[in-house]
Amino acid sequence: MSSFFNSEYWLTRFTFQRLLGFIYLIGFLIAFNQFRPLAGERGLLPAQLFIKRVSFWDSPSLFYFNSSDQVTRIVACLGILLALIATSGFSEKFGMVFSVVVWSLLWLLYLSFVNVGQTWYGFGWETLLLETGFLAIFLGSVDTKPPEIIIWLLRWILFRLMFGAGMIKLRGDPCWRDLTCMYYHYETQPLPNPLSPAFHHLPKWIHKAEVIFTYFVELVVPWFYFVPGILGYAAGILTILFQLTLILSGNLSWLNYITIVIAFSCFDDRFLRYFFSIKHSIDVTTSYFRQGILVALTLGILFLSIKPARNLISRRQMMNASFEPLHLVNTYGAFGSI
């Protein structure tokens, strides 16, 4: 059971938690600014009307108790405060219990927005943040050994995210198979950025090479997330570089940014200590209670992974879908059609 913990992932956890806290901060800032006009009392799709039609158990949210604009603003502000605490690392100063409370509240508050946000919160990055944020609850604080099993479960998220995106392309638009999709992608993507026209006007042979590289990163590289050492490092680096090119060429909200955060699970302290010189000390033993929680969590995640795994190999693969109302294990995919 002690193999669930590995001090060689201390820097991995340190980096991951702070970066994920920043993603949460972005999410709650957006909720503070946009939830009211989109799903507020006089919004385009009022949450109050949704709550009247859908039961709490089908879409659990704190807003079933009160969904007024004032309450949603307060919850968003609380989320911003907690995200700042997580990003700064302040949540870890008071030990394991405080850390668990902070990360649990972040997940619960954001789940509340997603489950009543309807169309506005039905994108892949929303469920990706919830699934990743749920695992973050169990990572522990800086004075404890990192649970290695959580690192592996994060890699499982990354695998489904990237491999699912590759498979949806193979089954999708014919332009992916004749290598011409990038002829049109930059001008048809949801939110082109200032560099998108420059990418669009690249030679066609480069566009075809981009499709081949996309297949390589999304269909081949993910298998190496589970290989320790240099091959795993290389898989993580290639994934991050791929996401950076997507960030430069377009705007998919924080989807690419959170993918980069999850990709840090491919690195251990032997790799990260080349970039960080942070000294740390950790406890030698871990409680049987914590070990039992991790065993139960792992078994639960594996059980909930059955449907998403089947979806990956299904001819009718769904894109960006959840199979249960807590969004604990989801299916992902992007740009099956151009």
Side-chain angles (χ1 to χ4, degrees), residues 17 19-87 91 97-139 157 253-255 257-258 261-262 297 300-301 304 308 320-332:
Q17 287 181 324
L19 292 176
L20 185 63
F22 182 71
I23 301 297
Y24 262 126
L25 177 62
I26 295 172
F28 283 112
L29 284 171
I30 292 173
F32 179 83
N33 184 52
Q34 296 184 0
F35 190 82
R36 181 179 178 181
L38 295 177
E41 295 176 65
R42 298 185 178 181
L44 296 174
L45 293 174
Q48 292 181 343
L49 296 181
F50 175 81
I51 289 170
K52 291 179 180 179
R53 298 193 306 267
V54 180
S55 74
F56 174 86
W57 302 110
D58 290 331
S59 192
S61 169
L62 294 175
F63 298 131
Y64 273 79
F65 302 99
N66 190 327
S67 60
S68 67
D69 289 342
Q70 183 179 10
V71 169
T72 57
R73 279 286 182 97
I74 291 173
V75 171
C77 287
L78 179 58
I80 291 170
L81 175 61
L82 291 168
L84 287 171
I85 291 174
T87 304
S91 63
V97 174
F98 188 74
S99 176
V100 169
V101 169
V102 168
W103 288 104
S104 296
L105 286 175
L106 281 168
W107 176 79
L108 177 62
L109 298 182
Y110 203 72
L111 176 72
S112 296
F113 281 108
V114 170
N115 274 354
V116 299
Q118 304 159 82
T119 301
W120 318 116
Y121 281 78
F123 301 96
W125 52 82
E126 308 289 359
T127 51
L128 183 59
L129 178 55
L130 286 175
E131 182 172 354
T132 307
F134 181 75
L135 290 183
I137 296 171
F138 304 92
L139 275 172
I157 295 178
S253 188
W254 69 71
L255 175 62
Y257 297 92
I258 192 172
V261 174
I262 303 171
L297 171 69
I301 294 297
L304 292 175
N320 299 326
S322 299
F323 296 94
E324 33 75 31
L326 298 180
H327 307 276
L328 298 181
V329 184
N330 313 291
T331 184
Y332 304 101

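His327 and Thr127 are not linked by any side-chain donor-acceptor pair at a separation below 3.5 angstrom, with hydrogens and angles left out of the test.
A 4.5 Å side-chain heavy-atom check between Ile23 and Thr132 finds every atom pair outside the cut-off. Taking 4.5 Å as the limit, some side-chain heavy atom of Phe63 sits within range of a side-chain heavy atom of Thr72. Put simply, the side chain of Phe28 does not reach to within 4.5 Å of the side chain of Leu82, judged on heavy atoms.
Atom CZ of Arg73 is surrounded by more than 12 heavy atoms from other residues, nucleotides or ligands within 6.0 Å. At most 12 non-hydrogen atoms from other residues, nucleotides or ligands lie less than 6.0 angstrom from OH of Tyr257.
Gly21 and Ala83 get closest at one heavy-atom pair: O-CB, 3.6 Å. Shortest non-hydrogen contact noted between Leu130 and Leu111 is CD2-N, 3.5 Å. Residues Phe113 and Val75 approach most closely at CE1-CG1, 3.7 Å, considering heavy atoms. When all heavy atoms of Leu326 and Trp107 are compared, the pair lying nearest together is O-CZ2, 3.6 Å. The nearest pair of heavy atoms linking Glu131 to Leu328 is CG-O, 2.9 Å.
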Hey, mind stepping through Ile262 and Leu128 against side chain to side chain contact (heavy atoms under 4.5 Å, CB included) and telling me if it holds? CA-CA 10 Å; Ile262 303 171; Leu128 183 59; 3.7 Å; yes
Side chain to side chain contact (heavy atoms under 4.5 Å, CB included) between Leu45 and Trp120: does it pass, once the steps are laid out? CA-CA 9 Å; Leu45 293 174; Trp120 318 116; 3.6 Å; yes
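At distances below 3.5 Å, at least one donor-acceptor pair connects side-chain atoms of Asp69 with backbone N or O atoms of Glu41. Side-chain atoms of Ser59 come within 3.5 Å of backbone N or O of Asn115 as a donor-acceptor pair. Under the 3.5 Å distance criterion, the side-chain polar atoms of Thr87 are matched with a main-chain donor or acceptor of Phe22. No side-chain donor-acceptor contact under 3.5 Å links Gln118 to the backbone of Leu38. Listed for the Ser61 side chain is a donor-acceptor partner under 3.5 Å among the backbone atoms of Ser112. Trp254 places no side-chain N or O within 3.5 Å of a backbone atom of Gly27 that could act as its donor or acceptor partner.
Ring orientation note: the planes of Tyr24 and Tyr110 are nearly perpendicular, at an angle over 60° on the 30°/60° scale.
Taking CG from Asn330 and CG from Asn320, the interatomic distance works out to 9.0 Å, rounded to the nearest 0.5 Å. One finds the CD1 atom of Ile26 at 12.5 Å from the CH2 atom of Trp125 (value rounded to the nearest 0.5 Å). Note that CD1 of Ile301 and CZ of Phe134 are 6.0 Å apart. Values are rounded to the nearest 0.5 Å. Atom-to-atom distance recorded for Ile137:CD1 and Trp103:CH2 is 9.5 Å, nearest 0.5 angstrom. Between the OH atom in Tyr64 and the CH2 atom in Trp57 there is a gap of 11.5 Å [rounded to 0.5 Å]. In this structure, the separation between CZ on Phe35 and CD1 on Ile30 is 13.5 Å, given to the nearest 0.5 Å.
Each of Leu84, Leu20, Leu106, Leu81 was evaluated against Leu25; a single residue qualifies, Leu84, per the side-chain contact (heavy atoms from CB on, under 4.5 Å) test. Results of the side-chain contact (heavy atoms from CB on, under 4.5 Å) test with Ser104 over Val101, Val100, Leu108 single out Val100 as the only residue that passes. Of the residues Val116, Leu62, Ile51, Leu49, the one that meets the side-chain contact (heavy atoms from CB on, under 4.5 Å) test with Ser67 is Ile51.
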